[in-house]
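Let me begin by presenting the structure, written as structure tokens, before commenting on it.
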There are 2 protein chains.
Amino acid sequence: MAKLKNTEQKIFDAATDLFLEKGVDRTSVREIATRAGINLALMNYYFRSKENLFDAIFTQLVKQNSEELIRVLDSDLELHEKIRQYVHIYIDMLSENPLLVSFVMSILHRSRERITEMKAISSLYATDQFTRQLIDEGKKGNIRRTNPTHFFVDMLSLIAFPFAIKMLVMDKNNFTEKEFQEFIKERKERVPEMLIDSLRLR
Amino acid sequence: MAKLKNTEQKIFDAATDLFLEKGVDRTSVREIATRAGINLALMNYYFRSKENLFDAIFTQLVKQNSEELIRVLDSDLELHEKIRQYVHIYIDMLSENPLLVSFVMSILHRSRERITEMKAISSLYATDQFTRQLIDEGKKGNIRRTNPTHFFVDMLSLIAFPFAIKMLVMDKNNFTEKEFQEFIKERKERVPEMLIDSLRLR
DNA sequence: ATGGCTTTTAAACAGTGTTTAAAACAACAA
DNA sequence: TTGTTGTTTTAAACACTGTTTAAAAGCCAT
């Protein structure tokens with residue numbers, strides 16, 4: 001057993017673990033090298049820089065998780081059901097992978113340039129298919145005519161931001177981790193309801 | 001003129017400018033010292049560390065901006081009007097002070113401990129008075145009975161998150177800065193409407 | 001085995017935040 | 001004034017960071 005991994009993979013895996021454990025800024029390349037059991041300079045040999053290594057890890061992580069979301073957006077599901085499923089899957093994903101939130105946050109926060117990761121994150125955004133569906137249903141009079149950008153920003157905000165302010169919410173409500181998870185679970189019903197309601201004809 | 005400022009104030013001001021200009025991580029203490037026209041070690045003499053200096057600046061910035069918001073939440077305004085004003089003021093604040101967003105983001109992202117800044121941020125959260133108002137109106141049957149925590153998280157999410165994903169939204173919609181501001185302006189009407197709608201009896 | 005590639009290594013480099021111990025300054029007492 | 005005490009400032013060093021270098025080791029086909 002063991003020894004199947006080549007050097008590049010060992011660095012990638014060790015860095016992934018450490019980045020998720022203690023954040024990118026707080027893990028040094030020397031630490032990565034030690035954990036991976038390789039020489040310090042090899043990190044720069046295989047990935048040009050620490051930043052680049054992070055890019056690679058981040059892109060892979062987002063790609064893994066976004067596929068299912070895109071599949072839902074591009075599916076033939078009826079609009080309301082699609083929204084329900086999208087929100088469910090997205091919230092579940094962030095629940096199980098809380099570090100993805102802080103990853104994305106850290107990217108968005110140092111927002112200048114950084115187009116590499118931007119491209120990756122973009123895959124979490126609306127698809128053309130979904131945008132068209134929203135416009136079509138509006139034209140048909142099945143829903144209120146709605147600016148797709150606003151609707152999608154609403155949706156992303158209601159899904160993702162609660163995770164970003166998790167500590168704040170827990171602190172203010174004296175939530176345990178379990179109670180916060182319960183709170184999030186409630187949002188899986190509440191958020192789609194709110195979004196669908198905003199599409200209601202009046 | 002000039003020369004009114006003592007050393008501590010010079011450091012504080014120079015650091016504030018630089019932090020806002022290029023972010024905390026990307027400004028070195030040597031840069032701060034140079035800009036402030038003081039010796040390197042004085043930064044550690046007056047503030048114990050760079051982190052501590054950031055805390056001081058951050059706390060002051062948040063305090064400045066949160067006062068008006070708290071005043072609205074604690075006012076006697078009718079609920080719907082209060083929501084409208086709160087959203088308006090909050091969005092205006094973030095529009096004029098985009099760096100406050102990235103500041104808060106950077107705090108929330110490195111979420112462990114960091115209670116000092118947490119306390120500061122907490123002042124941006126719901127007040128008891130507002131929570132009570134929401135429950136009372138529900139009991140009176142004027143609005144739908146609503147979990148205040150959910151409602152407030154909804155409100156904060158719809159207000160703040162669009163700023164966090166500004167670059168993503170601009171990139172996806174080919175927005176200019178001006179167009180993004182227009183988009184945000186639209187949200188000043190849209191968001192209160194959505195929130196008030198979620199309180200509607202049914 | 002010899003040459004030409006890739007991979008690995010130890011050492012150094014330039015940058016960071018922080019600490020030290022001595023110097024300069026200030027204010028007050030003798 | 002001089003001397004003493006406490007505060008403020010300084011230059012230098014420290015320990016750490018990410019990155020580069022140039023030499024060594026390994027590999028593989030000729």
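Convention: sequence-line order gives letters A, B, ...; per-chain numbering from 1. Not measured: the values here are computed from a predicted model. Only this structure's heavy atoms are used, side chains among them; waters, hydrogens and symmetry mates stay out.
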By side-chain contact (heavy atoms from CB on, under 4.5 Å) - contacts of A:Glu81 (at least two apart):
A:Leu77, A:Glu78, A:Arg84, A:Gln85
May I ask you to decide if A:Ser75's main-chain N or O and A:Lys82's side chain share a donor-acceptor pair within less than 3.5 Å?
yes
Looking at every heavy atom in both A:Ser198 and B:Met194, which two are closest together, and how far apart are they?
CB-CG, 3.9 Å
Consider the side chain of B:Val29, meaning its heavy atoms from C-beta on, and name the nucleotide among C:dA10, C:dT19, C:dT18 that approaches it most closely.
C:dT18
Qualifying residues under side-chain contact (heavy atoms from CB on, under 4.5 Å), relative to A:Phe175, sequence neighbours excluded:
A:Val169, A:Met170, A:Asn173, A:Glu179, A:Phe180, A:Phe183
Give the rounded distance in Å between these two atoms: CG of A:Asn44 and P of C:dG15.
16 Å
Here the distance between atom C1' of C:dT18 and atom CD1 of B:Ile11, to the nearest Å, is 14 Å
Within less than 4.0 Å of OP1 or OP2 of C:dG17, is there a side-chain N or O belonging to B:Ser49?
no
Give a yes/no on whether any side-chain N or O of B:Thr7 is located under 4.0 angstrom from OP1 or OP2 of D:dT9.
yes
Roughly, in whole Å, what's the span from CG in B:Asp25 to C1' in D:dG18?
14 Å
Spacing between A:Lys50 atom NZ and C:dT16 atom C1', to the nearest angstrom:
12 Å
Within residues 31-40 of chain A, which residues have any heavy atom lying less than 4.0 Å from an atom of DNA chain C?
A:Asn39
Are B:Glu21 and B:Arg26 ion-paired here, with the side-chain N under 4.0 Å from a carboxylate O?
no
Excluding sequence neighbours, so at least two apart, what forms salt bridge (charged side-chain N to carboxylate O under 4.0 Å, His left out) with A:Asp17?
none
Quick one: do B:Glu193 and B:Arg190 satisfy salt bridge (charged side-chain N to carboxylate O under 4.0 Å, His left out)? Show the steps, please.
CA-CA 5 Å; B:Glu193 236 184 83; B:Arg190 177 184 178 84; over 6 Å; no
How long is the line joining CD of B:Glu8 and P of D:dT7, in whole Å?
15 Å
The answer to which of A:Leu42 and A:Arg30 contacts DNA chain C further toward the 5' end, by nearest nucleotide, is A:Leu42
Quick one: label B:Tyr46 by what it contacts on the DNA or RNA (base, sugar-phosphate, nothing), any heavy atom closer than 4.0 Å.
sugar-phosphate
Length of the line joining A:Phe47:CZ and C:dT8:P, which is rounded to integer Å:
12 Å
Over how many whole Å does the gap from A:Asn52 atom CG to D:dT20 atom P extend?
11 Å
If you write DNA chain D from 5' to 3' in dot-bracket form, with Watson-Crick or G-U pairs under 3.5 Å, [ ] for crossing pairs and | for pairs with another strand, what do you get?
|.||||||||||||||||||||||||||||
Cationic N near anionic O, under 4.0 Å, B:Asp92 to B:Lys188:
yes
Only counting residues at least two apart or in another chain, list the ones meeting salt bridge (charged side-chain N to carboxylate O under 4.0 Å, His left out) with A:Asp197.
A:Arg200, B:Arg200, B:Arg202
Gap between atoms OH and P, on A:Tyr45 and C:dT8 respectively (whole Å):
8 Å
